[in-house]
Amino acid sequence: TGGNKSRVLSFPEQTVQMEMKGVKNCSPYLSPSCTHVMFFNDPSYMYLYRTDQLERCLYRGKFKPSGSNAACWRDDACFLFASEGALYRVVIHENDDAVEAGVWIDLREIMGNPDAQITSVDCDRGKVLLFVRRWIPGSENCVVEIDETDAVRIRELGKALSDYDDV
């Protein structure tokens, strides 16, 4: 997608080129098996589609991601994105295409820091990794790991990385 009009050209299921209204000037986030696609626009709106039914939007929401790397798919039915210090999820129920959205984990509460900022989100082998800036003088940045059981583990970065300031 891009420019004033957005057109889908590359999905094998799509036989007709079509314009997708509202999805302009944004990049797609494809689910791991390419069954769904999420678009961020402006970046204040998000649109969720099934790749085999691009004529129908499953979900539209208004959110502000906290960075260019602050979103990813956890699996084909769960899209994650960070907005400030909270991690949101959009869950798709495959049996009826119903969608649930909301705050999954608020790190500001867990860390006791209202100024914590999630700057990147990544999913790998069932785990979710977040890079968090704390924005408090004397406080270290950290990586947060969330495993398959939704257990949260916080690892400080500042002290370990201070040895590499010259690199």
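In what follows, residues are counted from 1 in the order of the sequence shown.
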- request: Let me see the working for Phe81 and Arg89 under side-chain contact (heavy atoms from CB on, under 4.5 Å), right down to the final yes or no.
  value: CA-CA 6 Å; Phe81 69 96; Arg89 70 177 170 184; over 6 Å; no
As an exercise, state the distance from [atom1] of [X] to [atom2] of [Y], rounded to the nearest 0.5 Å.
X	Y	atom1	atom2	value
Leu80	Cys123	CG	SG	5.0 Å
Asn113	Cys142	CG	SG	9.0 Å
Phe63	Glu84	CZ	CD	12.5 Å

With a 3.5 Å distance limit and no angle check, can you tell me whether [X] reaches the backbone of [Y] through a side-chain donor-acceptor pair?
X	Y	value
Asp76	Ser33	yes
Trp73	Cys78	no
Thr119	Val132	no

- prompt: Can you name the nearest heavy-atom pair linking Leu87 to Ala82, along with the distance?
  reply: CD1-N, 4.1 Å
State which residues pass side chain to side chain donor-acceptor pair (under 3.5 Å) with [X]; sequence neighbours excluded, sorted by chain then number.
X	result
Asp106	Arg108
Asp75	none
Ser83	none

Is any side-chain heavy atom of [X] closer than 4.5 Å to a side-chain heavy atom of [Y]?
X	Y	answer
Asp147	Arg153	no
Thr51	Leu30	yes
Leu129	Ile146	no
Met38	Ser31	no

Which residues share a salt bridge (charged side-chain N to carboxylate O under 4.0 Å, His left out) with Arg74, sequence neighbours left out: Asp150
- request: Evaluate the side-chain contact (heavy atoms from CB on, under 4.5 Å) criterion for residues Ile105 and Val144: first the C-alpha distance (whole Å), next the side-chain angles of each, then the deciding distance (0.1 Å), finally the verdict.
  value: CA-CA 11 Å; Ile105 293 174; Val144 175; over 6 Å; no
message: Can you list everything that forms a ring pair (Phe, Tyr, Trp, His ring centres under 6.0 Å) with Tyr59? Sequence neighbours excluded, please.
response: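 Per chain and number, Tyr59 pairs via ring pair (Phe, Tyr, Trp, His ring centres under 6.0 Å) with no residue.
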Show me the donor-acceptor pairs within less than 3.5 Å that the side chains of residues 90-99 make with the rest of the protein, sequence neighbours left out.
from, atom 1, to, atom 2, distance (Å)
His93, NE2, Glu100, OE2, 2.6
Asp96, OD1, Ala98, N, 3.0
Asp97, OD2, Arg56, NH2, 3.3

- prompt: Taking NZ, NE, NH1 and NH2 as the nitrogens, is one of them in Arg155 or Glu145 under 4.0 Å from a carboxylate oxygen of the other?
  reply: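 Looking at Arg155 and Glu145, the cut-off is met.
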- request: Applying side-chain contact (heavy atoms from CB on, under 4.5 Å), run through Ile110 and Ile154 and close with a yes or a no.
  value: CA-CA 10 Å; Ile110 292 171; Ile154 300 171; 4.2 Å; yes
task: Would you mind telling me which of Val143, Asp122, Ile118 makes a side chain to side chain contact (heavy atoms under 4.5 Å, CB included) with Phe131?
output: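 Only one of Val143, Asp122, Ile118 forms a side chain to side chain contact (heavy atoms under 4.5 Å, CB included) with Phe131, namely Val143.
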message: Can you confirm whether or not the ring centre of Tyr47 sits under 6.0 Å from the ring centre of Phe39?
response: no
field: Derivation and outcome, side-chain contact (heavy atoms from CB on, under 4.5 Å), residues Met46 and Phe79
entry: CA-CA 11 Å; Met46 56 195 295; Phe79 184 76; 4.2 Å; yes
